[in-house]
Every structure is written in structure tokens, then in C-alpha cells.
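Labels below follow one simple rule: chain letters A, B, ... track the order of the sequence lines, proteins then strands, and each chain is numbered from 1.
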There are 2 protein chains.
Amino acid sequence: MPWEKQFDVDGALTKAMNAFWARGYEATSMQDLVDCMGINRGSVYATFGNKRSLFIQALRHYDGLHRRTWVEGLCRSRGPKDAILAAFEEAIAAALGTGGRDGCLLVNTALELSPHDREICHIVAEGQTEMETFFAHKIAEGQGRGDIPETVDAGETACALLSLFIGLRVLARSRPEPPLLHAVARQAKALLE
Amino acid sequence: MPWEKQFDVDGALTKAMNAFWARGYEATSMQDLVDCMGINRGSVYATFGNKRSLFIQALRHYDGLHRRTWVEGLCRSRGPKDAILAAFEEAIAAALGTGGRDGCLLVNTALELSPHDREICHIVAEGQTEMETFFAHKIAEGQGRGDIPETVDAGETACALLSLFIGLRVLARSRPEPPLLHAVARQAKALLE
DNA sequence: CATTGTGTTGAACGATCGTTCTAAACTTGG
DNA sequence: CCAAGTTTAGAACGATCGTTCAACACAATG
């Protein structure tokens with residue numbers, strides 16, 4: 001039984017993810033992917049299947065690597081209310097930072113592919129739903145501590161925060177103006193008071 | 001001096017707009033456009049230039065035909081506060097209706113092309129800014145009538161409404177669930193109280 | 001009616017698309 | 001050291017991409 005893979009599969013998937021992230025699914029060609037992944041054409045197909053399959057793996061990779069660990073990081077050494085506010089602040093920082101303008105791969109995919117591909121739509125919807133429940137749980141937790149008033153409806157406000165958050169990532173891609181983005185974050189905070 | 005055009009230029013542009021609206025820029029081929037516009041390949045190029053130029057014209061067409069007249073319609077026979085609420089209600093109705101799932105061409109374009117094309121980004125940003133000022137003006141108007149409390153900050157709230165509205169259109173494409181969408185609309189209303 | 005110039009038509013262009021395949025390079029088990 | 005089995009490398013596939021072109025159809029002008 002011969003030979004393990006010579007390249008770093010996870011690293012290659014990360015590079016593919018970044019390419020899809022920056023340019024979207026349709027605008028990223030297999031040639032682009034072969035170039036940026038640094039491995040051979042045949043190896044891409046042997047390892048990841050076809051383009052759609054590679055994209056789905058990259059999307060799941062993003063969902064696990066970025067979103068989930070990011071959300072966990074938000075909670076570490078922060079109270080529930082601050083975790084919510086930090087989500088907005090960090091999204092703004094990412095949009096205005098040097099790497100910026102790429103927004104969120106899940107949001108980008110929600111618009112480009114969700115209406116046309118059931119499996120991809122499911123992954124996107126799942127990620128969005130998890131963000132919604134993250135907000136809802138943190139609100140409930142904050143209410144338990146007395147950080148957030150009981151008059152706030154956790155479920156409804158979570159929907160609003162999700163929508164605000166997604167809107168923020170869209171605006172970050174087309175109007176990366178600090179005053180605008182910070183205004184959105186302040187209004188998110190206002191929903192919790 | 002010979003011969004005017006034999007086809008309806010405006011109608012053809014509308015058909016192209018619908019194709020881009022449903023599938024996005026990259027996923028819509030010139031062949032798709034030629035088919036759905038009902039005119040010949042050469043006529044498309046002679047009349048609209050290349051693909052990008054056609055898209056830009058379609059985008060401006062959308063911005064004028066749909067968004068602007070839609071906003072005007074919202075204001076007709078409605079008070080300022082109701083006009084804002086109607087914007088959300090109509091967006092939900094469009095998403096859940098039979099034609100639905102296409103969302104808003106400006107929002108779709110904001111994600112797909114804004115970071116990569118300055119001119120397109122400018123059109124998108126302009127449309128978004130006009131929506132923002134629409135919200136801001138209606139809030140101020142509502143405050144003048146006493147429909148909206150003075151404690152509401154018109155500028156900041158307009159940003160939040162814009163972000164909520166955009167988020168709603170994204171969610172409509174990936175999670176067209178009535179309870180979720182209506183929750184967002186209710187929270188938009190709550191921002192005005 | 002001939003001329004003029006634009007509109008229409010469909011074939012055709014080279015480039016690139018996603019994908020497959022053949023052959024060489026190589027590590028491991030016998 | 002040989003045979004087995006995988007990963008490489010890169011050429012090549014047919015299809016489709018966006019775009020151009022030459023030939024033809026037509027209405028207005030002289």
C-alpha cells in the first residue's frame with residue numbers, strides 16, 4: 001500500500017476557500033483554483049471531486065473553521081451581551097481592515113447559489129440558523145444575569161440581530177464607510193436595551 | 001436615413017434584467033441573454049455593447065424602474081411611518097409570492113460585483129444611499145406629525161433600517177420562512193417606537 | 001430606381017470553461 | 001528487487017464562453 005499524499009489537503013482546501021471567498025463560485029475557474037492551491041489539476045479532481053464538490057467542502061470548511069471557532073472565540077472571556085456586541089465590532093474591523101471587502105462566505109453564497117442548489121442552500125441556512133440561536137441564547141443568558149432587560153423578546157430580537165448582521169456584511173462589501181457600519185452596530189446594541 | 005429598430009429596446013432590456021436578476025452576472029451567459037431577449041446576437045451587441053455594458057444598463061433600468069418607482073408607490077396614500085413598514089411588508093410578500101426568491105438585484109449585485117468593479121459599485125452604493133435617505137426622511141416626517149417619537153435618532157435608525165432591509169432580502173433568498181421574515185419586519189417597526 | 005446606411009442574421013472566431021486521460025514518478029508490501 | 005497501487009504532471013477532450021464579421025434585408029433619400 002503506497003504513498004500518502006504529498007500535499008497538505010487541509011491547506012489546499014483553505015486556499016480554495018479563500019479563492020471562492022474573494023470572487024464567488026462562478027467567477028472562480030478551475031484554473032484559478034489549480035494555480036492558487038499549488039497542486040496539480042488531476043490531484044484536485046482526485047482529492048476533491050468536481051468543482052461543485054470542492055466548493056461544498058470549502059464552504060463546510062469555512063463554516064467550521066471560521067464561523068464556529070469565531071463564535072466560540074467571541075464567548076471566551078466575555079459576558080453574553082459583550083459577545084453579541086463583539087460579533088458586530090469584529091465584523092466591522094474585518095471589513096475595514098487590510099484584508100477586507102470579502103465579507104462572509106456564507107452570506108455571499110446565500111445570494112449567489114442558495115436559490116439554485118438545494119444542498120448548498122441547506123448548508124447556508126444551517127449556518128444562519130446557528131447564528132440566530134447564538135444570538136437568542138446570549139440574549140437569554142444576559143437576561144439571566146440582569147445585563148439585558150426582560151422586556152426584550154429573545155427570539156424576535158435574535159432574528160433582528162441576524163438580519164442586521166447580514167445587512168452589515170453586505171454593506172461592508174459595497175459601502176465600507178466606518179460611520180455607516182458603526183451606526184448599524186450601535187443600533188444592534190440599542191435593541192438590547 | 002434608414003430604418004428604426006424593429007424590436008422593443010426597453011422590453012429587451014427588461015428581459016435581460018430579469019435574467020441577471022434570477023441568476024446573477026457570471027451565471028448568465030450571452031447565449032441565455034440572446035435566447036430570453038428574443039433578438040439576435042448581433043443586435044444585442046449593436047444595441048447594448050458588451051456583456052458588462054448590458055448588465056450596467058440592466059442595473060440602471062432596475063434602479064429606475066423597480067426601486068425608484070417602487071419607493072414612490074410606497075409613499076402614495078400612506079403616512080410616512082406606514083410607508084416604511086410597507087417597504088418591509090412588500091419585500092416579504094415578494095419573497096413569499098410565486099415569483100419570489102430573486103430578492104433585490106441591487107443587493108445581489110452588491111455582493112457579487114461591487115468589490116471588483118468600481119462603476120457597478122457606485123451604482124449599487126447610490127441605490128443603497130437613496131434607500132437610507134428615504135428611511136431618514138420618512139422618520140423625520142413622521143416625527144413632524146407625531147407618529148414617531150422624537151427620541152428616535154433619524155440618521156442612525158435609517159442605517160439600521162437599511163441594514164435590516166438588506167438582511168431581509170438575503171434571508172429571503174436562503175431561508176424564505178414566513179415567521180423569520182415577519183419577525184424582522186416587526187423589529188423594524190419596533191425601532192420606530 | 002439606384003444609392004446609402006443601418007438592422008438583422010447566423011456562422012465563425014480564439015479563448016477558456018470543467019473534466020478526463022495517458023504516462024511517468026514514486027513509495028510500499030511481498 | 002519486483003509488482004502493486006497512487007500521486008503526480010501535463011496534454012487533450014468537447015462544450016461553451018464572450019465577441020466579431022461578412023452577407024443580406026430593409027427603409028429613407030436623391
Side-chain angles (χ1 to χ4, degrees), chain A residues 1-61 108-109 112-113 116-120, chain B residues 1-61 108-109 112-113 116-120:
Chain A
M1 280 311 219
W3 214 9
E4 68 245 13
K5 279 207 172 13
Q6 287 195 331
F7 62 89
D8 173 15
V9 176
D10 229 55
L13 189 55
T14 300
K15 288 173 185 168
M17 177 194 77
N18 286 325
F20 283 129
W21 195 355
R23 293 186 289 272
Y25 178 79
E26 294 287 350
T28 304
S29 71
M30 284 304 286
Q31 189 60 53
D32 293 335
L33 292 164
V34 166
D35 291 343
C36 85
M37 292 169 86
I39 59 179
N40 189 268
R41 222 178 180 70
S43 301
V44 176
Y45 278 90
T47 309
F48 301 103
N50 60 17
K51 186 186 178 185
R52 176 173 173 275
S53 165
L54 171 58
F55 179 80
I56 289 177
Q57 291 172 70
L59 188 60
R60 292 194 197 278
H61 192 63
N108 302 353
T109 305
E112 185 181 3
L113 299 177
H116 310 295
D117 189 304
R118 189 170 304 181
E119 184 176 357
I120 290 174
Chain B
M1 282 311 218
W3 214 11
E4 68 247 11
K5 282 206 167 14
Q6 286 195 332
F7 63 90
D8 173 13
V9 175
D10 228 56
L13 189 56
T14 301
K15 288 174 186 167
M17 178 193 77
N18 286 325
F20 283 128
W21 195 354
R23 291 187 291 272
Y25 177 79
E26 294 287 350
T28 305
S29 72
M30 286 302 288
Q31 188 59 53
D32 293 334
L33 292 164
V34 167
D35 292 344
C36 85
M37 292 169 86
I39 59 179
N40 188 270
R41 222 175 180 71
S43 300
V44 175
Y45 278 89
T47 310
F48 301 103
N50 59 16
K51 186 185 178 186
R52 176 172 173 275
S53 166
L54 171 57
F55 179 81
I56 289 177
Q57 291 172 70
L59 188 60
R60 292 194 196 278
H61 193 62
N108 302 354
T109 304
E112 186 182 2
L113 299 176
H116 310 296
D117 190 305
R118 188 170 305 180
E119 184 176 356
I120 291 175

query = Do B:Met17 and B:Gln57 come close enough that some side-chain heavy atom pair is under 4.5 Å?
reply = no
task = Please report the shortest heavy-atom distance between A:Ala58 and A:Phe20, naming the atom on each side.
result = CB-CD1, 4.1 Å
message = Using only modelled atom types and a 3.5 angstrom limit, is any donor from either the side chain of B:Arg41 or the base of D:dT19 paired with an acceptor on the other?
response = yes
message = With a 4.5 Å cut-off on side-chain heavy atoms, are A:Thr47 and A:Met37 touching?
response = no
task = Whole angstrom is fine here: how far is it from CZ in A:Phe48 over to C1' in D:dT7?
result = 14 Å
query = Looking at side-chain heavy atoms only, is the closest gap between A:His61 and A:Asp10 below 4.5 Å?
reply = yes
ask   = Taking all atoms of both residues into account, what is the closest heavy-atom pair of A:Thr28 and A:Lys51, and its distance?
value = O-NZ, 2.8 Å
request  = Write down the distance between CG (B:Asn40) and C1' (D:dC26), rounded to a whole number of angstrom.
outcome  = 15 Å
task = Would you tell me if any nitrogen or oxygen in the side chain of A:Asn50 comes within less than 4.0 Å of OP1 or OP2 on C:dT19?
result = yes
note = Whichever of A:Arg52 and B:Gly38 has the more 5' nearest nucleotide on DNA chain C, that residue is B:Gly38
request  = Write down the distance between CG (B:Leu33) and C1' (D:dT19), rounded to a whole number of angstrom.
outcome  = 13 Å
note = Within residues 10-32 of chain B, the residues having a heavy atom closer than 4.0 Å to DNA chain D are B:Thr28, B:Ser29, B:Met30, B:Gln31
query = Could you state the OH-P distance from A:Tyr45 to C:dC17, rounded to the nearest angstrom?
reply = 11 Å
message = Rounded to whole Å, please give me the gap between CD1 in B:Ile39 and P in C:dT6.
response = 18 Å
query = Would you say the side chain of A:Tyr25 lies within less than 4.5 Å of the side chain of B:Glu26, judging by non-hydrogen atoms?
reply = no
